[in-house]
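So that the names make sense, note that chain A is the first sequence line, chain B the second, and so on, each numbered from 1. Keep in mind that this is a model prediction, so the values were computed, not measured.
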Amino acid sequence: MSRLFAPTLREVPAEAEVISHQYLLRAGYIRKTAAGIYSYLPLGWRVLRKIEQVVREEMDRAGGQEVLLPALQPAEIWQESGRWDVYGKELFRLKDRHERDFCLGPTHEEIITDLVRREISSYRDLPKRLYQIQTKARDEIRPRLGLIRCREFIMKDLYSFDRDQAGLEESYQAMYRAYERIFRRLGLRFKVVEADTGAIGGKDSHEFMVLADTGEGVIVYCEACDYAANVERAAAGEVASDFQEPAEEMQAVPTPGRHSVEEVTAYLGVTAKRLVKTLIYRAVYRDREEPVAVLVRGDRDVNETKLKNALDALFVELADAGLVERVTGAPVGFAGPVGLRGVRILADLEVPRVVNAVVGGNKADLHLVNVNYGRDYQAEAVLDLRNAAAGDPCPRCGAPLKLTRGIEVGHIFKLGTKYSEALGATYLGEDGQEHYIVMGSYGIGIPRTMAAAVEQNHDADGIIWPFPIAPYHVIIVPVNYDVPEQQDLAESLYRELTAAGVETIIDDRDERAGVKFKDADLMGFPLRITVGPRALKEGKVELRRRADGSVLLLERAEVVARVKSEIAAGYPEVEDENTGADVGVR
RNA sequence: CGGGGCGUGGCGCAGUUUGGUAGCGCACAUGGUUUGGGACCAUGGGGUCGUAGGUUCGAAUCCUAUCGCCCCGACCA
């Protein structure tokens, strides 16, 4: 430890907001090089390698073969798939000395599909599952939260190549199971959720979310059945309407200066449910753009992913004040569906059920009350456009849904033939016909997984590593290293544990005990052996568990056996679904 | 990109309003006293105040430009 390059910090660097970032910096695991770009110091790199190793074992077990693809990629292949334009500013682009375009790989569908289309020609060559663990580069709009959103990060990405949909199904299930095993083996609490497919493309997709309050992802789940989805994707059904009264006559009401939902409801003395919000969006397509009016209940939020998908647009964004005025003829805050012309109107499922609604009057300082769907206004389509909320009925079983947060550490996609068609990756089938290879893609963010583990496992003193990813299982702390008796005992224990295959580190620094204890806690080693005068009086040593602070007084002779049993107990059991045998422990 | 905040020894900050020769705590070095939960005393080293330009007798401080970092939104492992 006196030689270890792990500079610890007493104070929290000002730039670090979230716990994982703070502790990984303070405990000397990482250092920042630039925004979203990190160096991994020895302890951090040990943790990453442990995570990688579990991932590697499970990928191999699930039929994966490890390769290494180039990080530096020629533009041509990206132009061929069409993503050179579509991927946008997130792609790190550069030129070589001959002015030829290149990019740094943010993901490898293009490269691997190019490789496979050249080498695979027969159904006999399929299926194939190829993966790599490699550094990716993405020029993120906003890197943040330390390792959770980086511009450069290590990713495991596997690509499956199958003959048909049934084959893809099999690959997908194999990966699904492998991912569950990985995160279980790493000792993390996680949920698998249905997800939107985003820029990678494809049909079905699941995200593996490590549960943590600091997570960027909002998860909707049901305790009654096992439905779980991220909020972008989660179906928000119709909630039974509690509006029973008869429709009344529509009226205009002046609402001077009241433009937010809060202001209008407070001014008119109605609940937010009674309001129908009209939001003007700008929908951008490949060749054009148009404004769209979206109606949701006042207490709901528009789900832009659902909106984008419903419109089949490249992206949608809230219109600026100028566009709102051009579309509605009124300043922001007074848009309404009644009499709105020249713009598509989409309504969320709940909107038609709002009886005697309050809506904007399309005129400054004016709202309309007692507005009713069908009679006073109409939408071009009524569909699910809002975020699911806590208490909504589960789309599968109807029980009330719950919300939680998580960090997306893994994501699996059924790509189908999107890339094989774009790049012409075909094989000759048994039937003598050419077919497109059916693909899937499966990613795990390795540093993000490390950060997620810290988010989930820490206390006020520092990190509490789960055994499977701790950089060392045991730290030996001689209280007074300059006392020969302690030094000798500590060193002999170190040699013995190391010889027994236990990953051990010894704090041989000339520091006071308090400093060593603080650093050991901060760094998060799951077990600490304290060699000091107190226990030594009885000829014993202390074994302390980081997780709960409990201490065992041990005879010197029983230390190794006890440490080994503690470690064994710290590795989650993961059943082998074929043999039922426990596998993967150490 | 829009909105907010911040750049002063390795880390955390004060000083900027009202220009006047750069300071505190931690860390680091040396000596001494200490020694089971971030010790104490003494001494010491280290900063072109993000960068460039300007105003001024004089700029960390005022002006202009620029770069970087953090937070909130659209993206994603």
Side-chain angles (χ1 to χ4, degrees), chain A residues 7-18 21 25-26 28 31-37 51 55 87-91 106-107 133-136 138-158 179 195-200 205 207-210 216-217 230 232 281-282 284 304-305 308 314-318 320 407-413 441-452 461-462 477-483 486 510-522 528 530-537 542 544 549 551:
Chain A
T8 56
L9 269 24
R10 288 203 183 183
E11 282 165 296
V12 180
E15 67 193 32
E17 190 86 355
V18 295
H21 194 197
L25 283 169
R26 284 190 55 205
R31 283 295 182 263
K32 187 175 69 175
T33 299
I37 301 175
I51 297 171
V55 169
Y87 214 92
K89 299 132 291 169
E90 282 206 11
L91 197 58
T107 170
I133 297 176
Q134 192 215 31
T135 298
K136 308 291 187 217
R138 293 183 188 175
D139 199 355
E140 291 285 344
I141 306 167
R142 181 155 85 86
R144 70 185 131 165
L145 307 175
L147 294 187
I148 293 175
R149 171 159 252 87
C150 286
R151 293 196 292 174
E152 185 189 276
F153 63 99
I154 301 167
M155 179 161 109
K156 184 287 301 177
D157 45 329
L158 183 144
Y179 274 40
D196 188 70
T197 50
I200 309 275
S205 151
E207 289 175 349
F208 288 72
M209 312 282 288
V210 168
E216 294 182 282
N230 71 19
E232 284 78 34
Y281 273 87
R282 190 166 77 94
V284 177
E304 296 188 359
T305 303
K308 185 189 84 170
L314 281 183
F315 67 90
V316 294
E317 64 177 13
L318 225 33
D320 58 26
I407 300 166
E408 182 194 349
V409 290
H411 201 162
I412 59 179
F413 299 89
S441 106
Y442 316 84
I444 292 178
I446 306 289
R448 186 183 276 188
T449 301
M450 172 163 82
D461 293 318
V477 178
V479 171
N480 311 98
Y481 195 67
D482 49 356
V483 174
Q486 292 181 34
D510 180 23
E511 289 285 356
R512 296 165 62 89
V515 173
K516 298 195 221 185
F517 292 156
K518 288 286 183 191
D519 275 349
D521 286 349
L522 182 61
R528 185 182 89 200
T530 312
V531 177
R534 283 185 197 166
L536 222 45
K537 260 186 287 184
E542 295 162 40
R544 183 176 184 274
V551 175

Using the P atom on both, measure G5(B) against C76(B) and round to a whole Å.
30 Å
Expressed as a whole number of angstroms, how long is the span from Ile141(A):CD1 to C75(B):C1'?
4 Å
Which nucleotide, if any, forms a Watson-Crick or G-U wobble pair with G36(B), using both distances under 3.5 Å?
none
Can you tell me how far P in G7(B) sits from the matching atom in C62(B), rounded to whole Å?
12 Å
Selected nucleotide, minimal atom distance to Glu408(A) side chain, candidates G12(B), A77(B), C70(B)
A77(B)
Closest heavy-atom pair and its distance - Leu9(A), Arg31(A):
CD1-NH2, 3.5 Å
Start at the 5' end of RNA chain B and walk down; is the nucleotide closest to Ala14(A) or to Thr305(A) reached first?
Ala14(A)
Here the distance between atom P of C70(B) and atom CZ of Arg142(A), to the nearest Å, is 9 Å
Side chains of Asp157(A) and Lys136(A): does their closest heavy-atom pair fall under 4.5 Å?
yes
Take Cys150(A) and Gly146(A), find for each the nucleotide of RNA chain B with the closest heavy atom, and name the residue whose nucleotide sits nearer the 5' end.
Gly146(A)
Find the partner of G44(B): check Watson-Crick (N1-N3 plus N6-O4 or O6-N4) and G-U wobble (N1-O2, O6-N3) distances, both under 3.5 Å, and reply none if neither fits.
C28(B)
Any donor-acceptor pair under 3.5 Å linking the side chain of Arg544(A) with the backbone of Val551(A)?
no
So Ile444(A), base contact, sugar-phosphate only, or nothing? Heavy-atom distance under 4.0 Å.
nothing
Closest of C69(B), A77(B), G25(B) to the Lys32(A) side chain is C69(B)
Using purine N1 to pyrimidine N3 plus N6-O4 or O6-N4 for Watson-Crick, or N1-O2 and O6-N3 for G-U wobble, each under 3.5 Å, what pairs with C62(B)?
G54(B)
For G23(B), what is the paired nucleotide under Watson-Crick or G-U wobble rules, both distances under 3.5 Å?
C13(B)
Using the salt bridge (charged side-chain N to carboxylate O under 4.0 Å, His left out) definition, which of the options Glu17(A), Glu408(A), Glu140(A) pairs with Arg149(A)?
Glu140(A)
In whole angstroms, the gap separating C1' of C1(B) from CD of Glu140(A) amounts to 15 Å
Whether the side chain of Arg149(A) and the base of C76(B) hold a donor-acceptor pair under 3.5 Å is what I'd like checked.
yes
For G73(B), the nucleotide meeting Watson-Crick or G-U wobble distances (both under 3.5 Å) is C1(B)
Interatomic distance at P, A27(B) relative to G38(B), whole Å
12 Å
Between OH of Tyr179(A) and CG of Leu158(A), what distance do you get to the nearest 0.5 Å?
7.0 Å
Give a yes or no on whether a salt bridge exists between Glu216(A) and Arg144(A), defined as a side-chain N under 4.0 angstrom from a carboxylate O.
yes
Can you measure from CD1 (Ile407(A)) to CD (Glu207(A)) and round to the nearest 0.5 angstrom?
12.5 Å
Among C11(B), C75(B), A77(B), find the nucleotide with the atom closest to the side chain of Glu11(A).
C11(B)
What's the CG-C1' distance between Leu145(A) and C69(B), to the nearest Å?
14 Å
When the P atoms of G12(B) and C70(B) are compared, how many Å lie between them, rounded to an integer?
13 Å
Pick the P atom in U64(B) and in C24(B), then give their distance to the nearest Å.
33 Å
Check for a donor-acceptor pair, side chain of Gln486(A) on one end and backbone N or O of Asn480(A) on the other, with a separation under 3.5 Å.
yes
Just checking Glu15(A): base, sugar-phosphate only, or nothing, at a heavy-atom cut-off of under 4.0 Å?
sugar-phosphate
For residues Lys516(A) and Val479(A), report the shortest heavy-atom separation together with the two atoms involved.
NZ-O, 4.2 Å
Across all strands shown, which nucleotide pairs with C49(B) by Watson-Crick or G-U wobble geometry, both distances under 3.5 Å?
none
Give a yes or no on whether a donor-acceptor pair under 3.5 Å exists between the nucleobase atoms of C76(B), that is its base, and the side chain of Arg448(A).
yes
If the cut-off is 4.0 Å, is Arg144(A) near the phosphate of C71(B), judged by side-chain N/O to OP1 or OP2?
no
Given atom CE of Met209(A) and atom C1' of C76(B), what is their separation to the nearest angstrom?
11 Å
Pairwise C1' distance, C67(B) and G20(B) [rounded to whole Å]:
30 Å
Which is true for Val12(A) with a 4.0 Å heavy-atom rule: it touches a base, it touches only sugar-phosphate, or it touches nothing?
sugar-phosphate
Whole-Å distance, Glu304(A) CD to C76(B) C1', equals 16 Å
Assign Lys89(A) to base, sugar-phosphate, or nothing according to its heavy-atom contacts below 4.0 angstrom with the strands shown.
nothing
Can you build the contact string for nucleotides 33-40 of chain B? Use B for base contact, S for sugar-phosphate-only contact, and - for no protein heavy atom under 4.0 Å.
-BSBBBB-
Distance between the P atoms of G36(B) and U17(B), in whole angstroms?
49 Å
What's the gap between A29(B) and G45(B) when it is taken at their P atoms, as a whole Å value?
16 Å
Would a 4.5 Å heavy-atom cut-off, applied to side chains only, mark Arg138(A) and Cys150(A) as touching?
no
Grab the CG-P distance between Leu25(A) and C26(B) for me, whole Å please.
22 Å
